[in-house]
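What you see is a predicted model, and the numbers here were worked out from it, not measured in a lab. No hydrogens, no waters, no symmetry mates; every other heavy atom, side chains included, goes into these values.
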Amino acid sequence: MTALSDAIEALSAQVGPGVVQIFATGYAPAVNEPGSGTALLSTRTSTGSGVVVDSEGYIVTNLHVVEGARRLQVVLPTPRPGAGPGTSILKARGAMLGAQLIGTDRETDLAVLKVAGKENPHPELGESDDLHQGELVLALGSPLGLSNSASFGVVSSVARQLDPDTPMIYIQTDAPVNPGNSGGPLVDTQGRVTGAWCWPTSPPQALPERPA
């Protein structure tokens, strides 16, 4: 068990630097109270996850995380704090960068973003067809708006199709996830990205609205 724990810890440290938190800001209908004089639209921000796929700053996430956003921002992970005397165990928030939407694929619910910078750390891309039932996997992301979270489980089944009329094929796993995990990577024991969380498993986490 100790060896397994050490392996999971090492895997999380290996992949974590390439997992980002995404903030998508747009407009949504405001809930007006009689005589309140509030605007018809309010600013709405939701948060999801993404994974850096190359050193040039390209990021893959789910389309539903960023769809309809007027502004996209990405929070890069920070190194884990040291364990020296007087060192806080709390991590400082990573740098927030503006992101550009490069492309989308509605059929597979995927989107590609781009942030500035060079030599961005990123995990290796794997092949989802190589996954097998019972294989150990790690899920990373930002559930409930909390950045850099990891959960562990097994592949329950592969090639799940919830709707026979759509091309979406799912990997079923028992790794715990929550709203906000959307777009985060599912990785195998070699640290290779083999899938991304997507609807209906984990919608983006909505943050409080602000009047426009």
Side-chain angles (χ1 to χ4, degrees), residues 15-29 41-54 56-77 93-117 120-123 125 128 137-151 160 162-163 166-173 175-187 193-210 212:
V15 179
V19 181
V20 302
Q21 186 174 15
I22 298 172
F23 290 90
T25 303
Y27 295 110
L41 293 177
S42 63
T43 302
R44 180 180 177 87
T45 299
S46 62
T47 178
S49 307
V51 57
V52 182
V53 294
D54 81 346
E56 298 296 315
Y58 287 93
I59 296 168
V60 170
T61 185
N62 287 138
L63 173 58
H64 71 264
V65 171
V66 300
E67 192 168 25
R70 301 295 297 270
R71 182 177 65 172
L72 294 171
Q73 296 172 293
V74 169
V75 177
L76 303 179
R93 185 173 183 176
M96 178 177 283
L97 303 178
Q100 180 183 1
L101 181 62
I102 300 297
T104 63
D105 184 356
R106 188 172 300 277
E107 285 190 336
T108 56
D109 190 29
L110 291 177
V112 178
L113 311 181
K114 176 73 168 61
V115 294
N120 293 287
H122 59 92
L125 294 180
S128 59
V137 286
L138 192 70
L140 297 100
S142 303
L144 305 176
L146 303 173
S147 63
N148 193 17
S149 177
S151 58
R160 292 291 200 199
L162 302 183
D163 184 349
T166 68
M168 289 292 291
I169 303 297
Y170 296 91
I171 300 165
Q172 181 185 354
T173 175
V177 294
N178 288 285
N181 268 110
S182 291
L186 183 73
V187 301
V193 178
T194 58
W197 291 111
C198 62
W199 181 263
T201 305
S202 175
Q205 173 69 13
L207 299 178
E209 299 182 4
R210 301 188 301 274

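Annotation: the span from I22 atom CD1 to T61 atom OG1 amounts to 3.5 Å, rounded to 0.5 Å. In this structure, F23 CZ and T47 OG1 are separated by 4.5 Å, a value rounded to the nearest 0.5 Å. A distance of 14.0 Å separates NE2 in H64 from OG1 in T104, rounded to the nearest 0.5 Å. L101 CG to R71 CZ: the interatomic distance, rounded to the nearest 0.5 Å, is 15.5 Å. The structure places OG1 of T108 at 8.5 Å from CG of L63, a figure rounded to the nearest 0.5 Å. Within the model, atoms CG of L72 and CG of L113 stand 6.0 Å from one another, a figure rounded to the nearest 0.5 Å.
In this structure, a donor-acceptor pair under 3.5 Å is absent between the side chains of Q21 and S49. For the residue pair S147 and S142, no side-chain donor N or O sits within less than 3.5 Å of a side-chain acceptor on the partner.
With respect to the salt-bridge test (charged N to carboxylate O, under 4.0 angstrom), the residues K114 and E56 do not qualify.
The closest side-chain heavy-atom distance from S128 to I171 is below 4.5 Å. The closest side-chain heavy-atom distance from V20 to V52 is below 4.5 Å.
Residues V19 and P185 come closest through the heavy atom pair CG2-CG, 3.7 Å. Contact detail for P77 and P17: the closest heavy-atom pair is CG-O, 3.0 Å. Between A24 and V66, the shortest heavy-atom distance links the atoms CB-CA, 4.3 Å. Closest non-hydrogen pair, V115 versus G98, comes out as CG1-O, 3.8 Å. When all heavy atoms of A99 and V74 are compared, the closest pair comes out as CB-CG2, 3.7 Å. Nearest heavy atom pair, residue P123 against residue G18, reads CD-CA, 4.1 Å.
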Can you list the steps and then say if H122 with V53 is a side chain to side chain contact (heavy atoms under 4.5 Å, CB included)?
-> CA-CA 6 Å; H122 59 92; V53 294; 5.8 Å; no
Kindly indicate, with the supporting measurements, whether the criterion side chain to side chain contact (heavy atoms under 4.5 Å, CB included) is fulfilled by V112 and I59.
-> CA-CA 6 Å; V112 178; I59 296 168; over 6 Å; no
Passes side chain to side chain contact (heavy atoms under 4.5 Å, CB included), L76 versus L97? Steps please.
-> CA-CA 8 Å; L76 303 179; L97 303 178; 3.6 Å; yes
Worked verdict on L138 versus L186 for side chain to side chain contact (heavy atoms under 4.5 Å, CB included) = CA-CA 6 Å; L138 192 70; L186 183 73; over 6 Å; no
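Here the side chain of D109 pairs no donor or acceptor atom with the backbone of R106 at under 3.5 angstrom.
The salt bridge (Lys or Arg N to Asp or Glu O under 4.0 Å) check on R70 picks up nothing, with sequence neighbours excluded.
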